Amino acid sequence: MKGTKRALALALGLALAAPAFAQAPIRIGEINSYKAQAAFLDPYRKGMELAVEQANAAGGVNGRRIEVVLRDDNANPGDAVRMAEELVSAEKVDLLAGGFLSNIGVALADFAKQRKTFYLASEPLTNKIVWEGGNRYTYRLRPSTYMQAAMLAPEAAKLKKKRWAFVYPNYEYGQSAVATFKALLKAAQPDVEFVSDQATPLGKIDAGAVAQALGDAKPDAIFNVLFAADLAKFVREGNTRGLFKDVSVVSLLTGEPEYLDPLKDEAPTGWIVTGYPWYAIDTPAHKAFLDAYQKKYSDYPRLGSIVGYSTIQAIVAGLKKAGATDTDKVVAAFKGLEFDSPIGKVKFRPQDNQSTMGAYVGRTAVKDGKGVMVDFVYRDGADFQPSDEDVKKLRPAD
Amino acid sequence: MSLLVVDRLCKSFGGVRAVDDVSFSLAPGELLAMIGPNGAGKTTCFNMINGQLAADSGRVLLHDADISRLPPREIWKRGVGRTFQIAATFASLTVVENVQMALISHAGRLYRMWSRAAAFEREKALALLAQVGMAEQADRPCGVLAYGDVKRVELAIALANEPKLLLMDEPTAGMAPKERNELMALTRKLVVERGIGVLFTEHSMDVVFGYADRLVVLARGKLIAQGDVDAIRNDPNVRAVYFGSGKTVERARA
Amino acid sequence: MSLSGILVQMLNGLASASTLFLLASGLSLIFGVTRIVNFAHGSLFMLGAYIAWSLTERMSGALGFWAAMGLSALAVGAIGAAIEMLLLRRIYRAPELFQLLATFALTLVVRDAVLGVWGSEDLLGPRAPGLSGSVEILGRRFPQYDLALIVIGPLVLALVWLLLRRTRWGALVRAATQDREMVGALGVNQSLLFTSVFALGAALAGLGGALQLPREPASAGLDLAAIGDAFVVVVVGGMGSLPGAFVAALLIAEIKALCIALGTWSLPWGGTISFPKFTLVAEFLVMAIVLVVRPWGLMGKPQAAVRTGAPPETPLAPADATTRIIGFATLGALAALPLIVGVGSYALVLSIDIFIGVLFAVSLHFVMGPGGMHSFGHAAYFGLGAYASGLLLKSAGLPMELALVMSILGGALGAFVFGWFCVRLSGVYFAMLTLAFGQIVWSVVFQWDEVTGGSNGVIGVWPAPWLAAKQTYYYLALACCVAGVLLLRRILFSPFGYALRATRDSVLRSDAIGIDVQRIQWIAFIVAGAVCGLAGGLFAFSKGSISPETISVGRSIDGLVMVLLGGVETLSGPIVGAAAFLFLQDSIARHIEYWRAMLGLLILVLVLAFPDGIVGAVRKRLGKGSQQT
């Protein structure tokens, strides 16, 4: 086992002829379900690689090169924790990052607390990671389930639709997205009625039957939380069966290229979604990112690319602010840390360690045989949070 | 007093009466053969006596106690040993362990989880094996034995709980003539020594006429005759229904 | 909800049933003839979908589309034939279930191969030309393609049925399904028969996958989604019965459609019940109920004892001097390990996982090897142990030490309840009922948010401070592992252990010498559950968190792989198997990007090199025929 330590470290930073570094590199341990969730995580890894390359070309951090050690967790929290142990004890990484599945995210967060190691949860969406299961060592980058649902709720209220139906994957993410959305919608529009709830097994939706059951409930609008293959099945069945005719749809994540692109010309039109319209964001920061990404990979970025890229950006910014790599200093540096991601300024909220990274909210359309987002706006995550008192109640004291 | 009484036993499968109102009895120390052509209901009858099949009606009495609703293991506990048409032993245990298994069960120690089974009444098991001539092979795996030897082991297992009654389903099936006679002679000897009653089914007329004290004859589910060897040989019903002609019987006698 | 709504939902169910049937019919054929539990069947289904996607990209028009469907089936059939000839044929004489190991390895290879060849993005295929629209049925738009599927399913059933009834080949297949030895005795070319059956079964899976393409994108998760359903349908219908598989597919698909149609209801005593949520576990509930009521499936017949061509297991003998020395030396080395590698070393972390894996595998082996009960849902007792510990610690506030002890009770209690039903069954039906219970436990834990933490699980399950240091916990895990292994070993040499093996060797003889077979098996199941529960408890405290993954099918399968890899017929097999599997998985996963394929290939090599498992092979090499270590 010992002789192999090096070989397995995918030293991302090595590729580039970077300035000579005198000191040993800063090592970031990165754990993810690379094989089980490849559609999201391939672009994620590419985003990370790009950011590492750029950071090292720019002189690294505090005079040290950064290096990422990747581990595949086999979509299994037990393995993830073992990999975390390995990264910390054998690879001597300075901090941990990653996590896609929520159960792995909370497991790693709790590990970070126990082992007093800094952990940046880049992708897991569950609210629990910063609230009920939150701790001072864990920060989370991506907008949470709550935030994304909260970004959509006002748009939904504007529709003034009375009868709402819900379809979502039957696990914590789907349940909590729907619960948040229902509560916020009800608050904004008290006369709203919830006419149908379809909780479908993740990855195994019976799309025809679900589409029909939703249609039979005669809703005015549908809130959808399905993604990936479930979404594709549902959209195709819904299109064939005319489910979406005269029915408004509000849908989480559907505007992300990972989920919208496979639908090609069958992408739904007019849905209100969160997502990432990389083709139409014209801020200089994003343009720079897009050019660099396309130059390096001859491929366009997905949302995963942004998350991967920003993960490294956040860590670089945090380490620079801390001026050191020891956990306490990094943890302290991340409180209120700000950095510029390709999609906007992001700040780690001191009250719950959640970043204010936002998302784009817009409508779907089909252009040139592809699904796109139009009429979108960037919603800053800072504006879609529960009150500080509520957060305080939810989150255990550090 | 009868050891075993079979009283008006009936069993139907679908509309077919496989065993139809069969009654007979068996005394201690007696070897009773149950014979009949294929499909006569022997196996069905046998399996109702040993508890593997539930009878539709009728009773099976062992020492005047009704055993016809009991599962095989309860019947065994009342002193009934069995051998099977296709010998059933424990292939992954050694020969002596096979016998020890029966001794352990007899002693009511099946649920002991701490003591060592290999040490349990090994001497007694070896003695039983010696009686069937298998002592030398005691430590061989049962799965590698020759078929005739497996049958002997089965007999030793069947004797382990000091049974009062032995049920032997075609004890010599699949054996060479010489082996058959050896096994039946051995059985006869052990039975007489211990005063055990034996009910066996058999195809081989040599075996039946050579070793049975008495016979019951089944045909199409009904008991058509019973009596000693000579009575059966001369029974016109048996000749007509079972043997077809007198010739076979004469040959069997020769 | 209207009557017309229900009727159209029934139609939806019919369409889903067709796909399910195609998937399951091949599996049923393969199992019926070869007795192979083909775990790779879902992978074949997935390959069908991917190949169909590639073909439809190149072949357009109605003719092109249907030709692509047919060609995909043929291609997957050819892959199936290759698998049978190159791999399975070499291991038919291996101990029971060993082939499962090979097909499991194949699933790993295929999954990575699919990612490598087709990429990670879901691939949505075209709609079927001419059938892309919908027709109006009872005021609802119903997809034309679904109507086509409703026809295709029974059509394939009829064709295969004719093939089986009207051809000599079919007669042989039926004969082999009844009695495999007999066909060998008839002088039939057995390899040709097996290859052709495997190819046909694979082709049916491929066709099922291809025909699914207009309804669902080809994605790398299809295999897992498909394999569970396939087994359920086959078992509910009755192993080897095609009409049974069809009826079962109908039953399950219709029940799911009905659950979806029913939606959410308010209960008179308050609260609501959400029927759609039952679709998560509907097929397993159906399977459990069917198996409890009809132990051979809806249309199956009692199976003759499934014996492989393998010779009977050799008797157990107490460890000889060499084995003892090896055992003590290993133990000594393990005790010294923290001093050698240093207290914070990763070697300790990995070793703890291996100790837990060993305990898990040994408890599974206890019922599977000496007990002859193939548990496919052993993770249930692991998970119950883990959750018992975790919940008692977090919710009931029990001290950690006591919570760990309670994990034993958690596992035992689960085994007590489920075992009572399971021991009434045997062979593959037993296996599938354990699987069904495992899935039911999983889905309850997965959905019962308020108590179990739902899909996110329970966090903060850390050991008491005096046990928190890695090396202390290492010694605790080692001690529990050694105690568990020795205990089970001791039991195997006790009268009870002998009786357990006796029930496996011959139910008939056991019954005839007063052994209550079901009770012995039940108790053995509970003992195994208790030890497995302890493994779960140790796991929970070593990771600090637990989630429904601890109960997942994946973990149950890992257990089977460990036992089979080491050698099911030896006592040290599961120990070696667990250590080898976990070590390999860990080191390969850390080194190689396509680590699953690599692990799969490595297992295939081991399978071909050591058809008796690792320890079995070592034993044979040493010529210790009767030595069981």
Side-chain angles (χ1 to χ4, degrees), chain B residues 50-52 71-121 139-145 153-154 157-158 160-161 163 167 169, chain C residues 95 304-305 307 310-318 366 369-372 486-524 526-528 530-531 568-571 625-628:
Chain B
N50 66 34
Q52 247 169 287
R73 60 174 183 278
E74 292 301 325
I75 292 175
W76 176 84
K77 284 181 187 159
R78 289 164 191 242
V80 179
R82 284 172 68 190
T83 67
F84 296 94
Q85 185 175 348
I86 299 169
T89 56
F90 307 123
S92 79
L93 302 185
T94 63
V95 169
V96 66
E97 285 169 347
N98 264 271
V99 181
Q100 282 174 298
M101 195 70 252
L103 292 171
I104 287 168
S105 177
H106 184 49
R109 306 214 173 170
L110 285 173
Y111 299 98
R112 302 281 169 99
M113 293 197 185
W114 198 250
S115 59
R116 287 207 166 252
F120 186 83
E121 292 189 352
D139 289 316
R140 294 186 70 195
C142 215
V144 304
L145 295 185
V153 175
E154 231 197 352
I157 296 173
N161 65 333
L167 300 175
D169 194 4
Chain C
R307 275 283 139 207
E313 206 175 303
T314 50
L316 291 179
F366 186 73
L486 290 181
L487 175 76
L488 291 182
R489 222 187 134 86
R490 178 95 199 183
I491 292 177
L492 282 180
F493 285 101
S494 75
F496 179 81
Y498 273 50
L500 181 61
R501 279 193 292 144
T503 63
R504 173 198 61 188
D505 284 359
S506 171
V507 171
L508 201 60
R509 172 48 72 195
S510 300
D511 218 14
I513 59 166
I515 299 176
D516 187 337
V517 172
Q518 288 180 0
R519 174 167 296 184
I520 293 276
Q521 291 181 334
W522 189 28
I523 292 173
I526 296 168
V527 169
V531 174
V568 71
E569 297 192 341
T570 60
L571 294 188
S626 64
Q627 178 62 47
Q628 286 260 342

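Quantities reported herein were computed from a predicted structural model and do not represent experimental measurements. A note on names: the letters A, B, ... follow the listed sequences, proteins ahead of strands, and every chain is numbered from 1.
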Proximal component of C:Ile515, with respect to chain B [non-hydrogen, under 4.5 Å]: both
Nearest heavy-atom neighbours spanning C:Asp505 and B:Ala91: OD2-N, 3.2 Å
C:Leu487 versus chain B, the contacting section by heavy-atom distance below 4.5 Å: side chain
Please tabulate, for side-chain N and O atoms in residues 99-118 of chain B, each donor-acceptor pair with protein atoms closer than 3.5 Å (sequence neighbours left out).
| from | atom 1 | to | atom 2 | distance (Å) |
| --- | --- | --- | --- | --- |
| B:Gln100 | NE2 | B:Ala118 | O | 2.9 |
| B:Gln100 | NE2 | B:Phe120 | O | 2.9 |
| B:Ser105 | OG | C:Ile513 | O | 2.5 |

Test side-chain contact (heavy atoms from CB on, under 4.5 Å) applied to B:Gln52 and C:Asp511, step by step: CA-CA 9 Å; B:Gln52 247 169 287; C:Asp511 218 14; 5.6 Å; no
B:Ile86 CD1: over 12 foreign heavy atoms closer than 6.0 Å: no
Check: C:Arg509 and B:Phe90 side chains under 4.5 Å, non-hydrogen atoms: yes
Per-residue contact mode, C:Val527 against chain B (heavy atom under 4.5 angstrom): side chain
Heavy-atom pair with the smallest gap, counting every atom of B:Phe84 and C:Ala512: CZ-CB, 3.7 Å
Heavy-atom closest pair, residues B:Arg73 and C:Asp516: NH2-OD2, 3.2 Å
Top contributor to chain C interface from B:Thr83, B:Ile157, B:Asn161, B:Leu167 [non-hydrogen pairs under 4.5 Å]: B:Ile157
